[in-house]
Amino acid sequence: MSRAPTRCRWRSIEHSPWSQPRVQHCRATPAAESASNTVTIGCQPCMDGTTTMEIDEAKVITKFIAETLLPTRHGVFRLRGYKHSVDGGLTFTEPTAIMCGAVENCENVPVRVHDACYTSEVLGSLKCDCAEQLTLAMEMIHSNPPGIVIYLQQEGRGIGLANKIAAYSLQESGLDTVDANRALGLPDDCREYTSVRNILAGLGVKSIQLITNNPRKINGLRALGLNITGRVPCIVQAANEHNVGYLQAKESRMDHLLEGQFCYWNHGGEPTLPIATTLAKGGMGLPKNLKINGAGRVSLDEGDQDGRPVQPAVQSLPPVMPESQFRAVEGG
Ligand SMILES: Nc1nc2c(ncn2[C@@H]2O[C@H](COP(=O)(O)OP(=O)(O)OP(=O)(O)O)[C@@H](O)[C@H]2O)c(=O)[nH]1
């Protein structure tokens, strides 16, 4: 596979899947890009406030593969497939752009940047609002085109599916969605959005209105140079007993603009809080030790039978892995 020139720091590679990639040079340099050719992206600080994730822009490749029409239960969409690499083509993820109408060269296009949630979108999990947000965004752009949903393979806010399951396991013992990540030694959020910038640049989209409740996502995308002219809220009204704590944590700990609209009411008409959430909100700190119990769940370590502290079994988990392990093949 021929390599694109690496001198262009901000680039979008288009077009035919099997032909030589065409490199589009961009007019601007992303605001957050440093002299060392790296850019700090939307990664929230860990407990110690030091965690950031750096992308080497010279190694970022976003390649358009193909477009098709996709009939769905929400209507017919244009579906574009891409391959995206942040390590010069060694590993890829496969972002998709789900589009309605002629978005090319438009301004103020409503855009949802949506990260994968296998548990809700495939398994129908009730623990979050991700699947509903995806549906909401697709219906939104279908009823009011043009619009785009960019779907990224960044499960669990970037920590990956297995780690997210470990985080869920910890949440069973009372930690909220933020503290569970931290207890695993993982960042709150390690998603990266260079593909979004490149996909939109490839489509000639000049400015967007971001469909989100997350101000940090807006800031992260702006730092990459995106022109965001507005925000469209993406609030799922019907919270349930399983996700109300998660939604509260998103609002109180990750600054999501949910305006309390997710409030879950029990059958008696009283607002309810799951015990786990109450514990976490009551100031439960980072647990010193973790263990995996007999049922295979990650839990707080109370010490072994003799009361000696047990080393956290979860530390033997592998570090965060790239989402996609397959190597680049000739022709994409
Ligand atoms: N680590 C972790 N990830 C989760 C959890 N619940 C959902 N996710 C992931 O969270 C991601 C979605 O992020 P959210 O924080 O819900 O929302 P957002 O994308 O930042 O903001 P919006 O644009 O408003 O939706 C998806 O990748 C889900 O897989 C959880 O408890 N722990």
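These values consider heavy atoms only, across backbone and side chains, with no hydrogens, waters or symmetry-generated copies. When a ligand or atom number is given, it counts from 1 through the structure's own listing order.
Every atom of ligand 1 with a heavy atom of Cys117 under 4.0 Å away is listed here by number and element: 28 (C), 29 (O). Contact atoms of ligand 1 toward Glu155: 27 (O), 29 (O) (distance under 4.0 Å to a heavy atom of the residue). Under a 4.0 Å criterion applied to the non-hydrogen atoms of Asp115, ligand 1 contributes the atoms 26 (C), 27 (O). Counting the atoms of ligand 1 from 1 in the order shown, those under 4.0 Å from a heavy atom of Tyr168 are 6 (N), 30 (C), 31 (O). Heavy-atom proximity to Gln154, at under 4.0 Å, picks out these atoms of ligand 1: 27 (O).
Tracing side-chain contacts under 4.5 Å through hydrophobic residues (I, L, V, M, F, W, Y), one never reaches Phe64 starting from Val149; they form parts of separate clusters. Val111 is not connected to Leu136 by any chain of hydrophobic side-chain contacts under 4.5 Å among Ile, Leu, Val, Met, Phe, Trp and Tyr, and they are in different clusters. Residues Ile218 and Ile150 share a hydrophobic cluster, clusters being chains of Ile/Leu/Val/Met/Phe/Trp/Tyr side chains in contact below 4.5 Å.
In this structure, the protein non-hydrogen atom closest to atom 24 (O) of ligand 1 is Asn213 N, 2.8 Å. When only non-hydrogen protein atoms are considered, atom 1 (N) of ligand 1 lies nearest to Asn181 OD1, 3.1 Å. In this structure, the protein non-hydrogen atom closest to atom 30 (C) of ligand 1 is Thr177 OG1, 3.1 Å. His256 CE1, 3.5 Å is the protein heavy atom nearest to atom 17 (O) of ligand 1. Nearest protein heavy-atom neighbour of atom 19 (O) of ligand 1: Lys217 NZ, 2.8 Å. Scanning the protein for heavy atoms near atom 25 (O) of ligand 1, the closest one is Arg112 NH2, 2.8 Å.
Taking 4.5 Å as the limit, some side-chain heavy atom of Thr194 sits within range of a side-chain heavy atom of Glu57.
Note on ligand 1: His114 sits outside its first shell, no heavy atom being nearer than 4.0 Å. Not a single heavy atom of Tyr118 sits under 4.0 Å from any atom of ligand 1.
Side-chain atoms of Gln153 come within 3.5 Å of backbone atoms of Glu94 as a donor-acceptor pair (strictly under, hydrogens ignored). Judged by distance alone, with hydrogens and angles left aside, the side-chain atoms of Asn163 form no donor-acceptor pair with the main-chain N or O of Leu186 at under 3.5 Å. A donor-acceptor contact shorter than 3.5 Å is absent between the side chain of Glu67 and the backbone of Arg78.
Between Asn213 and Gln133, the shortest heavy-atom contact is ND2-NE2, 3.4 Å. Closest approach of Asn181 to Ala167, counting heavy atoms only: OD1-CB, 3.8 Å.
Looking at Lys164 and Thr119, their side chains do bring a donor and an acceptor atom within 3.5 Å of each other.
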Yes or no on salt bridge (Lys or Arg N to Asp or Glu O under 4.0 Å) for Arg253 and Asp188, after CA distance, side-chain angles and deciding distance?
CA-CA 10 Å; Arg253 306 211 54 199; Asp188 299 355; over 6 Å; no

Run the salt bridge (Lys or Arg N to Asp or Glu O under 4.0 Å) check on Asp189 and Arg216 step by step: do they pass?
CA-CA 10 Å; Asp189 191 335; Arg216 297 184 194 191; over 6 Å; no

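The shortest N/O to N/O separation between Tyr246 and ligand 1 falls below 3.5 Å. Among the atoms of Gly156, some N or O lies under 3.5 angstrom from an N or O of ligand 1. Close N/O approach between Ile159 and ligand 1 is not found [any backbone or side-chain N/O within under 3.5 Å].
Between atom 22 (P) of ligand 1 and the options Thr119, Asp129, Thr212, the minimum heavy-atom separation is to Thr212. The closest non-hydrogen atom to atom 18 (P) of ligand 1, taken over Arg191, Gln153, Gln133, comes from Arg191. With Ala116, Cys128, Ala137 as candidates, the residue nearest to atom 28 (C) of ligand 1 on a non-hydrogen basis is Ala116.
Classified by interplanar angle (parallel below 30°, tilted 30° to 60°, perpendicular above 60°), the ring pair His142/Phe77 is tilted.
With a 4.0 Å heavy-atom cut-off, ligand 1 is reached by no atom of Lys127. Of the heavy atoms in Asp189, none comes closer than 4.0 Å to ligand 1. If you look at Arg216 next to ligand 1, there are no close heavy atoms at all, none under 4.0 Å. If you look at Arg157 next to ligand 1, the close heavy atoms, those under 4.0 Å, come from the backbone and the side chain alike.
The one candidate from Leu224, Ile55, Asn198 that meets the side-chain contact (heavy atoms from CB on, under 4.5 Å) condition with Tyr193 is Leu224.
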